[in-house]
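Just so you know, these numbers come straight off a predicted model, no measurement behind them. Per chain, numbering begins at 1; letters A, B, ... match sequence-line order.
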Number of protein chains: 2
Amino acid sequence: MAKGRPRAFDMDEALDQALKLFWTKGYEGTSLSDLTQAMGISPPSLYAAFGNKEGLFRRALDRYMNEMSGVCGVLNAPTARGVAEAMLYGAADIDPENPPGCMLVQAALSCSDASEAVRQELIGRRKAGEDALTERFARAVREGDLPPTANPATLSRFLTAVVQGMAVHAASGVGREVLVDIAGATLQAWSALVDTGMSAQDRAAE
Amino acid sequence: MAKGRPRAFDMDEALDQALKLFWTKGYEGTSLSDLTQAMGISPPSLYAAFGNKEGLFRRALDRYMNEMSGVCGVLNAPTARGVAEAMLYGAADIDPENPPGCMLVQAALSCSDASEAVRQELIGRRKAGEDALTERFARAVREGDLPPTANPATLSRFLTAVVQGMAVHAASGVGREVLVDIAGATLQAWSALVDTGMSAQDRAAE
DNA sequence: TTCTTTTTTTAATAATCACTATATAAACCG
DNA sequence: CGGTTTATATAGTGATTATTAAAAAAAGAA
């Protein structure tokens, strides 16, 4: 079984503490002494378990994606509109247990050159989410749930932008009511977005 | 007139360089050596002219608000829809001269405790922009430009969220076409948002 | 010129950053 | 028991952080 001295801290609990810090203060705003203090471990233990600060961040980020995000579940909603509803109200439903805002936006929207790899990782994860959403809307078109004239990429971009804007609002400390208001407004506009033949880009070009 | 040794650098040019750095890397991501190097001055000159890093940031932020932002002009559009168009296409129209994204979102969405004052300042400026927009839409209701049933606060929140989401997209490096697409989609949805009696919040409560 | 004022240059400050060398402690195996 | 392995604790590493002390330089005023 286990050889050598057993680890004295719980891996998941420690990752949760690290995640909370990165989520609140961002990657660069969180120092190693912040981390060791909150995780209740010493620097050598941290480095033995996670390699370095960036390794710890990536593990915390994985945990964020697996635990928090109902993103996977969101895409399983039966209709495109249901997907939009789930995403928007998910973004509005801030849990007092967790930091406000979205980890993918909060952690490193800007940073020094030293952390560019982390920033790129977050950009990639945001793009992956948007791409998955685009594919979900394309499926909705194929299934007849959305009209053949609907533009999956445009819908996905728009919805992602609104959710990210809600994340900025949440990070600013606005209340749940404000976020629900934005979500509701977006849903109210949803059908007008769906029922068009041209992409908004094409319309603008005329 | 001027007494003492004259300043050897141009104040506005130096501020532009500082602004570009803060805008790209954020407040904490920009180091003093980054700043002195880009501004072409030595640390004591920087401190004599601006007090400290935060003082320099605030001056650069003021310059950003005065120079870049057509925000003041945007509110002068004749109609509420015109205001929305100007904001959205303004957010889409990324200037290759300037860093992508919005300084108010980019500079310190998250940070360490040491920079909390800067973060709060940015939150306040974002809120001021949203409040001004709300007042502009309220005026549109009074003038009959928007129906009396329109909710100025909801419209303002929604529009601000979209623009902030576009800023996140821009910071991720997406091209102009993508931003224009989001702007167009939002405008397409605009009339559906305006023509409602209840706030989206009220609708959600039913 | 000399005095005063302000800026510049050079060099250094204490504090914090991420990270680690060394030694000890705690488990399993034989 | 001794030997191996892994994690811990203590203490420190060099690099970088924002900031500044001290002196020289460049202007106007007397």
Side-chain angles (χ1 to χ4, degrees), chain A residues 1-15 17-18 21-22 24-61 107-108 110-119 121, chain B residues 1-15 17-18 21-22 24-61 107-108 110-119 121:
Chain A
M1 306 273 186
K3 239 194 197 169
R5 177 170 175 172
R7 168 170 294 133
F9 62 92
D10 182 84
M11 204 72 167
D12 286 340
E13 283 179 24
L15 275 175
Q17 294 301 317
L21 281 174
F22 284 133
T24 308
K25 303 175 156 193
Y27 177 68
E28 290 192 321
T30 305
S31 73
L32 251 115
S33 59
D34 287 338
L35 290 165
T36 53
Q37 185 177 336
M39 300 164 82
I41 67 179
S42 61
S45 294
L46 189 154
Y47 279 82
F50 305 104
N52 56 17
K53 186 184 179 183
E54 185 174 332
L56 171 59
F57 176 81
R58 297 189 121 97
R59 293 286 299 273
L61 182 56
S110 65
C111 63
S112 75
D113 297 336
S115 307
E116 181 61 19
V118 167
R119 190 177 143 262
E121 170 78 30
Chain B
M1 303 278 183
K3 239 194 199 176
R5 178 169 173 170
R7 165 170 297 134
F9 63 92
D10 182 83
M11 204 72 165
D12 287 340
E13 283 178 23
L15 276 175
Q17 293 302 318
L21 280 174
F22 284 133
T24 308
K25 304 176 158 195
Y27 176 68
E28 290 193 322
T30 306
S31 73
L32 252 115
S33 59
D34 287 338
L35 290 164
T36 53
Q37 185 176 336
M39 299 165 82
I41 65 179
S42 63
S45 294
L46 190 155
Y47 279 80
F50 305 103
N52 57 15
K53 186 184 178 183
E54 185 175 332
L56 170 59
F57 176 80
R58 297 190 121 96
R59 293 285 300 273
L61 182 56
S110 65
C111 62
S112 76
D113 298 336
S115 308
E116 182 60 20
V118 166
R119 189 176 143 263
E121 169 78 30

Along DNA chain C (nearest heavy atom to each residue), the more 5'-positioned of A/Gly4 and B/Pro6: B/Pro6
Candidate nucleotides D/dT17, C/dC17, D/dT19, ranked by approach to the side chain of B/Ser33 - the nearest: D/dT17
Atom-pair distance (CE on B/Met39; C1' on C/dT8), nearest Å: 15 Å
Whether B/Phe9 and B/Phe50 hold their rings parallel, tilted or perpendicular, with breakpoints at 30° and 60°: tilted
d(CZ, A/Arg7; P, D/dT8) in whole Å: 7 Å
Interatomic distance, B/Lys53 NZ vs C/dA15 P [rounded to whole Å]: 19 Å
Whole angstrom value for the distance that separates C1' of D/dT8 from CE of A/Met11: 15 Å
Position toward the 5' end of DNA chain C (nearest nucleotide), A/Pro44 or A/Thr30: A/Thr30
5′-ward residue of the pair A/Pro43/A/Leu46 relative to DNA chain D: A/Leu46
Any side-chain heavy-atom pair of B/Tyr47 and B/Leu32 under 4.5 Å: yes
Length of the line joining B/Tyr47:OH and C/dT8:C1', which is rounded to integer Å: 16 Å
OP1 or OP2 of C/dT7 under 4.0 Å from side-chain N/O of B/Ser45: no
Length of the NZ-C1' vector between A/Lys3 and C/dA26, whole Å: 15 Å
Shortest side-chain distance from B/Ser31, nucleotide among D/dA18, C/dC19, C/dT8: D/dA18
Integer-rounded Å distance: D/dT16 C1' and B/Asp34 CG: 11 Å
5'-most by nearest nucleotide on DNA chain D - B/Arg5 or B/Tyr27: B/Tyr27
Exercise: identify the closest heavy-atom pair between B/Pro43 and B/Thr36: N-CG2, 3.8 Å
Integer-rounded Å distance: C/dT20 C1' and A/Phe50 CZ: 17 Å
Minimum heavy-atom distance between A/Arg59 and A/Ala49, given as atom pair plus value: NH1-O, 4.4 Å
For the student: nearest non-hydrogen atoms of B/Leu56 and B/Leu46, plus distance: CD2-CD1, 3.9 Å
